[in-house]
**Q** 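Sending over a structure as structure tokens; questions will come in a sec.
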There are 2 protein chains.
Amino acid sequence: MELRTLRYFVTVAEELHFGRAAARLHMSQPPLSRAIKQLENDVGAVLLHRSSAGVMLTPAGAALLDEARTLLDQVDRLRVRVAAAAGAATITVGILSDSADRGATRLAAAYRRRHPGVEVRIRETDLTDPTCGLRAGLVDVALTRGPFDETGLTVHELRADPVGAVLRADDPLARRDRLELADLADRRWFQFPDGTDPIWQSYWNGGEPREGPVVRVVQECLQAVLWNGTVGMMPLGHDPPEELAVVPLIDMAPSRVVAAWNEGDANPLIRSLVQIATAAYRD
Amino acid sequence: MELRTLRYFVTVAEELHFGRAAARLHMSQPPLSRAIKQLENDVGAVLLHRSSAGVMLTPAGAALLDEARTLLDQVDRLRVRVAAAAGAATITVGILSDSADRGATRLAAAYRRRHPGVEVRIRETDLTDPTCGLRAGLVDVALTRGPFDETGLTVHELRADPVGAVLRADDPLARRDRLELADLADRRWFQFPDGTDPIWQSYWNGGEPREGPVVRVVQECLQAVLWNGTVGMMPLGHDPPEELAVVPLIDMAPSRVVAAWNEGDANPLIRSLVQIATAAYRD
DNA sequence: GGCGACGATACCCGTACGGTATCGGCACCA
DNA sequence: TGGTGCCGATACCGTACGGGTATCGTCGCC
């Protein structure tokens, strides 16, 4: 008997309907039916009476529902007590300025639920340092984008976004449904300040050294497009800003959304965050 | 977080030694180490302090040990309460007279622990009905041997025993280390009464009709060997009786030790027994 | 009697768990 | 100081189980 199975049972007992319970559990109905049957074999009693009229709890099922609820409540209490015994915990998360998307939102919600006692400090950073100050020890874990110099860091991919060119809506190329880097070769591009991670810099410049204004945050980059007609770049999937168009660049490698931390840092709060992030970004 | 993991942790916390804990859990050390590490990531705290001096509980670990113990106790209480709510339960187990071996002993112990409230009735039956009265409804589940007519029954293999010929110790063939059925063709064999399952009958006669005394229990069969010089047969693995020798028969198919129940009988107590039996016979 | 709803069954696939082999660090000792 | 043994961590592999889709069986209900 495992806790997962008990959670399944509680859901079915609440819904009294396998299909709806499966939906609430984000799974399909057959494995749920199977899990309940295994639970019945495990406890040695029929828990649910299935008939065409519907699903009903047997006396044994009612008893198990009650017990299972208190058991699952106790698991939450357990988490809180362990966290309290571990002492005041803090984790500092670095987030690249344009990475506060839906995945990060879900991550934050799930992480607060899982570790209610942990103080999460957020440090949002501009585009000049994709590691968000990991190496300097300013953050414990970074939610950011690749590619960048990974030496001394452990990097865990969460997603991969195709990349597009940002152009003024009235730009002749803006009507194209896809572009190649060569189409933009004669344009002015944006630049990052000196000292920026060269892999990162080179990636956003399409591998070539470019001429153009220096930017530090996404807004500056977009403004440069609007006012100076430079080429900008951004991951696809976000809504294009007003007056601008984003056209997929077919010969740019996708930009990997990643979690990164200092190699060898065994802080369980970091590992837990990465684990939760993996689930939060999956769907 | 699953209960299995908590059981692992409690064991490690009690032993303060991964190797010994793994031995107690009947597993090897590496997956245990990994499971504890995952648990630490799950609760977001280091639970054990590993050093060359040994393994120590951290404050968080001590808190979790306490909580986990009460949680696991509660699971046992849950089982009892569900069984009580299910009402007085009875299961009748048929055991073929020579099948009360170590596997069955372990099964009985494990089943009593898992289902303390269930009244288990045992019906030991002689060799004339390998189904132990399943079809007549005399038993819910049979622990027996194959082969027999399986129509209307569901049969689950637990083990397979090679079969040997039982001979008087002074029989010239008794010194051989293996025999074929042909070596015994001119002997008198034992018989089962009329009406015995023909597949079962034929199996123990080596596929041929034979002449010889009718027996109903193993003892009669052995006595017939001793007093009348007939050929007897029995599964290997048991100690040969006094004054008798058991010689492997290389052209007899092994006799399958099985659990069997009436097809479509969904009684969870039966399924649970079969599941526990599978584990009990495995090692 | 055809249809729709719903749980059960059959079958496939990927992941995660447990296994063996090996490493790395540390104490103890010659 | 180098050798040895202990012990937890890591690497890698195979399998069993959990979850998926497709389909069935059964029972109300127009």
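Just so it is clear, the model here is predicted, and its values are computed rather than measured.
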**Q** I need the CD-P distance between B:E2 and D:dG18, as an integer number of Å.
**A**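 One finds 10 Å between P of D:dG18 and CD of B:E2, rounded.
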**Q** Would you call A:R79 and B:E67 a salt bridge, using N to O less than 4.0 angstrom?
**A**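 So A:R79 does not pair with B:E67 through a salt bridge.
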**Q** Would you kindly give the NE2-to-P distance between B:H49 and D:dA9, to the nearest whole Å?
**A** 12 Å
**Q** Please check this pair: side chain of A:N262 against backbone of A:D265, looking for a donor-acceptor N/O pair closer than 3.5 Å.
**A** no
**Q** Does A:Y8 place a side-chain N or O at less than 4.0 Å from the phosphate oxygens OP1/OP2 of D:dG19?
**A**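 Answer is yes, contact under 4.0 Å.
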**Q** Output all residues satisfying side chain to side chain contact (heavy atoms under 4.5 Å, CB included) with B:D76, sequence neighbours left out; order by chain, then residue number.
**A** none
**Q** Look at B:R4 and C:dA16 and indicate whether a side-chain polar atom (N or O) is within less than 4.0 Å of OP1 or OP2.
**A** no
**Q** Counting primed atoms plus P, OP1 and OP2 as sugar-phosphate and everything else as base, spell out the protein contacts along nucleotides 5-12 of chain C at 4.0 Å heavy-atom distance: B, S or - for each nucleotide, 5' to 3'.
**A** -SBBB-B-
**Q** Could you tell me whether a side-chain N or O of A:T92 sits under 3.5 Å from a main-chain N or O of A:D140, the two making a donor and an acceptor?
**A** no
**Q** CG of B:L32 versus C1' of C:dT20: gap in Å, rounded?
**A** 16 Å
**Q** Going by an N to O cut-off under 4.0 Å, is there a salt bridge joining A:E150 and A:R256?
**A** yes
**Q** So which pairs with a foot in residues 267-277 of chain B pass side chain to side chain donor-acceptor pair (under 3.5 Å), sequence neighbours left out?
**A**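 Checked against side chain to side chain donor-acceptor pair (under 3.5 Å) - neighbours excluded - the pairs reaching residues 267-277 of chain B are B:H115-B:S272.
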**Q** When you look at CZ of B:R113, are more than 12 heavy atoms from neighbouring residues, nucleotides or ligands closer to it than 6.0 Å?
**A**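 Counting neighbours around CZ of B:R113, 12 or fewer heavy atoms of other residues, nucleotides or ligands fall under 6.0 Å, so no.
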**Q** Test of understanding: with side chain to side chain contact (heavy atoms under 4.5 Å, CB included), list the residues that count as partners of A:A83, not counting sequence neighbours.
**A**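 Partners of A:A83 by the side chain to side chain contact (heavy atoms under 4.5 Å, CB included) criterion come out as none, since no residue qualifies.
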**Q** Please report the distance, rounded to the nearest Å, between CD in B:Q38 and P in D:dG8.
**A** 18 Å
**Q** Could I get the full list of side chain to side chain contact (heavy atoms under 4.5 Å, CB included) partners for B:A21, not counting sequence neighbours?
**A** B:T11, B:V12, B:E15, B:L32
**Q** Please write out each protein N/O paired with an N/O of nucleotides 28-30 of chain D under 3.5 Å, distance rounded to 0.1 Å.
**A**
residue : atom : partner : partner atom : Å
D:dG28  : OP1  : A:S52   : OG           : 2.8

**Q** For A:Q275 and C:dT15, what is the distance between atoms CD and P respectively, to the nearest whole Å?
**A**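 Whole-Å distance recorded here is 15 Å.
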**Q** I want to check one thing: is the phosphate of C:dG19, taken as OP1 and OP2, less than 4.0 Å away from some side-chain N or O of B:S28?
**A** yes
